[in-house]
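Below is one structure, written out as structure tokens; the observations come after it.
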Amino acid sequence: HRVWEAGVALAIWLSLNTSIIKGRRVLELGSGVGIGGIAAALQQPQSVTLSDYSRPEAPSLLENLRANAAANHVATATRALDWHECLDDRDAPSEDDLYDVVLGSDCIYYPSDAAALAAALKRHLRPDGGVAVLFNRVGREGDPAEAFLEALRELDLGNIETEELNIVSNYGSEALQRVTLVRDV
């Protein structure tokens, strides 16, 4: 129940790059409180889906996402999404599972989740020019941001660009990395 600096950076970036969202189907991975998806919903998308891992013993996360979207007067859908289930890619994704834009902020905490996050992008990002934009904190133990980039490169989904940046607030500065993936057409 916290807005992380990477989420703020994603929301700012989206406000400066509105054309990436307008008229497109958007999925936010690891939505947390939903700041990225809510910011995207303000940019006239076709639709926005907020997603996060949900456990039966803790259903409040998805309820919180719905409440946050309603409090910000935006229309979004919510869904439970376990990235580790995306590692099993025997079944082709349905059209409903493909999105034009996939967003994420501060999604990767552990190197052991890097392959699952990359697989979630592969499974949900439209293969014909879909765009993913993720902001990750850098400098965590084990360098999960670098492990994610390596897992993404191994999948060879398209062009990957990175940008190192810092977000500065009254509370300090946070080193971030923006990862942009454009799926091959």
Side-chain angles (χ1 to χ4, degrees), residues 3-52 61-62 64-81 83 86 92-108 117-137 145 148-149 152 155-169 174 176-185:
V3 175
W4 297 98
E5 288 79 0
V8 173
L10 175 59
I12 292 168
W13 189 88
L14 288 170
S15 74
L16 298 171
N17 295 277
T18 59
S19 63
I20 196 169
I21 300 297
K22 190 172 185 175
R24 302 181 88 191
R25 291 186 72 230
V26 178
L27 171 67
E28 183 183 22
L29 296 174
S31 296
V33 298
I35 188 171
I38 290 169
L42 298 170
Q43 307 303 327
Q44 301 176 343
Q46 178 182 340
S47 65
V48 173
T49 300
L50 307 175
S51 73
D52 214 317
L61 183 58
L62 295 180
N64 191 49
L65 283 171
R66 286 189 282 274
N68 288 345
N72 285 280
H73 309 289
V74 295
T76 63
T78 57
R79 69 179 280 190
L81 182 58
W83 307 335
C86 297
S94 71
E95 187 63 27
D96 289 340
D97 281 336
L98 294 175
Y99 294 85
D100 304 306
V101 179
V102 176
L103 305 172
S105 60
D106 213 7
C107 288
I108 189 78
L117 177 55
L121 285 177
K122 179 181 179 184
R123 179 145 187 96
H124 295 288
L125 186 59
R126 186 169 295 289
D128 51 352
V131 177
V133 179
L134 292 92
F135 280 79
N136 294 310
R137 192 170 115 193
F148 166 65
L149 273 177
L152 202 54
L155 290 177
D156 195 26
L157 300 176
N159 185 44
I160 301 168
E161 293 181 7
T162 62
E163 178 184 16
E164 306 296 320
L165 55 119
N166 286 303
I167 186 163
V168 179
S169 71
E174 184 79 52
L176 302 173
Q177 178 184 68
R178 180 181 52 83
V179 176
T180 303
L181 165 68
V182 179
R183 291 283 310 255
D184 289 331
V185 178

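Values below: all heavy atoms of this structure, side chains included; hydrogens, waters and symmetry mates excluded.
Between the Asp52 side chain and the Gly32 main chain, a donor and an acceptor come within less than 3.5 Å of each other. No donor-acceptor pair closer than 3.5 Å links the side chain of Asp97 to the backbone N or O of Pro93. Here the side chain of Glu28 pairs a donor or acceptor atom with the backbone of Gly37 at under 3.5 angstrom. When atom types are taken as modelled, the side chain of Asp106 and the backbone of Ala6 share no donor-acceptor pair closer than 3.5 angstrom.
Considering only heavy atoms from C-beta on, Pro127 comes within 4.5 Å of Arg183 through its side chain. In this structure, the side chains of Leu134 and Leu103 stay at 4.5 Å or more apart for every pair of heavy atoms. Between Arg123 and Leu98 there is no side-chain heavy-atom pair separated by less than 4.5 Å. Side-chain atoms of Phe148 and Val179, non-hydrogen and from C-beta on, do get closer than 4.5 Å to each other. Taking the side chain as every heavy atom from C-beta outward, Val26 and Ser47 never approach each other to under 4.5 Å. The shortest side-chain heavy-atom distance between Val8 and Phe135 does not fall under the 4.5 Å cut-off. Between Leu157 and Leu125, the closest side-chain pair of non-hydrogen atoms is not below 4.5 Å. At least one side-chain heavy atom of His124 sits less than 4.5 Å from a side-chain heavy atom of Cys86.
The two atoms that bring Gly7 and Ser105 nearest to each other are CA-OG, 3.4 Å, heavy atoms only. The heavy-atom pair separating Asn136 from Ala145 by the smallest distance is CB-CB, 4.3 Å. The shortest heavy-atom contact between Ala120 and Leu29 is CB-CD1, 4.3 Å. Considering every non-hydrogen atom in both Leu121 and Ala132, the closest pair reads CD2-CB, 3.8 Å. Val74 and Ala41 get closest at one heavy-atom pair: CB-CB, 3.6 Å. Leu27 and Ser51 get closest at one heavy-atom pair: CD1-OG, 3.8 Å.
Screening Leu50, Leu65, Asn68 against Thr76 for a side-chain contact (heavy atoms from CB on, under 4.5 Å) leaves a single residue, Leu50. When each of Val182, Asn159, Asp100, Val102 is paired with Val131, the side-chain contact (heavy atoms from CB on, under 4.5 Å) condition holds for Val182 and for no other.
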Residues Ile160, Thr180; criterion side-chain contact (heavy atoms from CB on, under 4.5 Å); working and verdict: CA-CA 6 Å; Ile160 301 168; Thr180 303; over 6 Å; no
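Summarising the local packing, CD of Gln44 is surrounded by 12 or fewer heavy atoms from other residues, nucleotides or ligands at distances under 6.0 Å.
Sorted by first then second residue, the salt bridge (Lys or Arg N to Asp or Glu O under 4.0 Å) pairs that include residues 155-166, not counting sequence neighbours, are Glu163-Arg178.
Using a 4.0 Å cut-off between charged nitrogen and carboxylate oxygen, Asp96 and Arg25 do not count as a salt-bridge pair. Checked for salt-bridge contact, Glu95 and Arg126 meet the test: a charged N lies under 4.0 Å from a carboxylate O. Salt-bridge check for Glu174 with Arg137: passed, with a basic side-chain N closer than 4.0 Å to an acidic carboxylate O.
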Enumerate donor-acceptor pairs with a distance under 3.5 Å from any side-chain N or O in residues 14-21 to protein atoms, sequence neighbours excluded.
from  : atom 1 : to    : atom 2 : distance (Å)
Ser15 : OG     : Ile12 : O      : 2.7
Asn17 : ND2    : Trp13 : O      : 2.8

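Under the rule for a side chain to side chain donor-acceptor pair (under 3.5 Å), the partners of Thr78 that lie at least two apart in sequence or sit in another chain are Arg66.
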